[in-house]
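Everything below concerns the one structure shown next.
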Amino acid sequence: MEENLMMNKAETTDTEFWSEEEYRKLPTLKGADPLELAREIARILDNKRGRDIKVLHVEDKTEIADYFVLCTANSNTHIKSLVGEVEYRLDLRGVDSHHVEGRDNGTWVIADYYHVIVHVFSREAREFYNLDKLYGDAPEAATEI
């Protein structure tokens, strides 16, 4: 996941390098391929210090999405920050979430982007719900973060 630090500005959407104005000028993600959207979400989470980020290709395992993006946060505040950053950055690129659930519980927030569902957990919630094991036979997509 440290690869993004080695990319130059022209090759990355790393929020540490791109200002809001520059980020807004990037090509829209509206109508993007689900894998491209999942990879961008993973990059956003990585840039905000999300941990243990996985992009799982679950299209053959469930009808609700093509990809799950799983991420662990350090605290309740970090969960809200991560989800807020994903919403903000994707909005700048023309993508709105279908629905966000769990914002007030502080342990697990789900953001639904139709073909991509983002799960941001506390460490305890991720261990308890164990989606990693439940979808363990789903291939992990190369994220190129």
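These values consider heavy atoms only, across backbone and side chains, with no hydrogens, waters or symmetry-generated copies. Just so it is clear, the model here is predicted, and its values are computed rather than measured.
- Annotation for S97 and E87: closest pair OG-OE2, 4.0 Å, computed over non-hydrogen atoms.
- Here the shortest heavy-atom pairing between V55 and A38 reads CG1-CB, 3.8 Å.
- With hydrogens and angles ignored, the 3.5 Å screen pairs no side-chain donor or acceptor of T107 with any backbone N or O of A125.
- Under the 4.5 Å side-chain criterion, counting only non-hydrogen atoms from C-beta, K54 is not in contact with C71.
- Inter-residue side-chain proximity for E127 and R123 is flagged as met; some heavy-atom pair is nearer than 4.5 Å.
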Take E85 and R49 through the salt bridge (Lys or Arg N to Asp or Glu O under 4.0 Å) test and state the conclusion after the steps. CA-CA 11 Å; E85 186 72 6; R49 309 293 186 249; over 6 Å; no
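- When side chains are defined from C-beta on, V69 counts as touching L45, because their heavy atoms get closer than 4.5 Å.
- Hydrophobic cluster membership is shared by Y113 and L82, with clusters built from Ile, Leu, Val, Met, Phe, Trp and Tyr side chains linked at under 4.5 angstrom.
- Both L29 and I41 sit in one connected hydrophobic cluster of ILVMFWY residues. Membership requires side-chain heavy atoms under 4.5 Å apart, directly or through other members.
- Atoms CD1 and NE2, from I117 and H99 in turn, are 10.5 Å apart once rounded to the nearest 0.5 Å.
- Both I64 and F121 belong to a single network of hydrophobic side chains, linked directly or stepwise wherever heavy atoms of I, L, V, M, F, W or Y lie under 4.5 Å apart.
- A distance of 12.0 Å separates OH in Y114 from CG in L37, rounded to the nearest 0.5 Å.
- Side-chain atoms of E101 and V109, non-hydrogen and from C-beta on, never get closer than 4.5 Å to each other.
- A heavy-atom distance below 4.5 Å is not found between the side chains of D66 and V58.
- Of all heavy-atom pairs between S81 and K48, the closest is OG-CE, 3.7 Å.
- Within the 4.5 Å cutoff, no side-chain heavy atoms of V100 are placed close to those of I110.
- For the residue pair N74 / R51, a side-chain donor-acceptor distance below 3.5 Å is found, with atom types taken as modelled.
- R93 places a side-chain N or O within donor-acceptor distance of the main-chain N or O of P27, the cut-off being under 3.5 Å.
- Counting heavy atoms from C-beta outward, Y135 and T62 have side chains that approach closer than 4.5 Å.
- For the residue pair A73 and I79, the shortest heavy atom distance occurs at CB-CG1, 3.4 Å.
- With 3.5 Å as the limit, one finds a donor-acceptor pair spanning the side chains of R126 and T72.
- Atom CG of L70 is separated from atom CG of L131 by 6.0 Å, given to the nearest 0.5 angstrom.
- Following chains of ILVMFWY side-chain contacts shorter than 4.5 Å, one can reach V118 starting from I53, so the two form part of one hydrophobic cluster.
- The one candidate from V86, L90, L26 that meets the side chain to side chain contact (heavy atoms under 4.5 Å, CB included) condition with E40 is L90.
- Between W108 and Y129, the ring planes are tilted. Angles from 30° to 60° get that label.
- Within a 6.0 Å sphere centred on NE2 of H115, heavy atoms belonging to other residues, nucleotides or ligands number 12 at most.
- Cluster membership check: L134 does not share its hydrophobic cluster with V120, using side-chain heavy-atom separations under 4.5 Å among Ile, Leu, Val, Met, Phe, Trp and Tyr.
- Applying the 6.0 Å contact sphere to CZ of F128 captures no more than 12 heavy atoms from other residues, nucleotides or ligands.
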Test log, rule ring-ring contact (aromatic ring centres under 6.0 Å, His included), inputs F68 and H119: CA-CA 7 Å; F68 282 174; H119 300 266; 4.8 Å; yes
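- Side-chain atoms of R39 and L35, non-hydrogen and from C-beta on, do get closer than 4.5 Å to each other.
- Annotation: the span from D132 atom CG to D52 atom CG amounts to 6.0 Å, rounded to 0.5 Å.
- Within the 3.5 Å criterion, the main-chain N or O of A42 finds no donor-acceptor partner in the side chain of D46.
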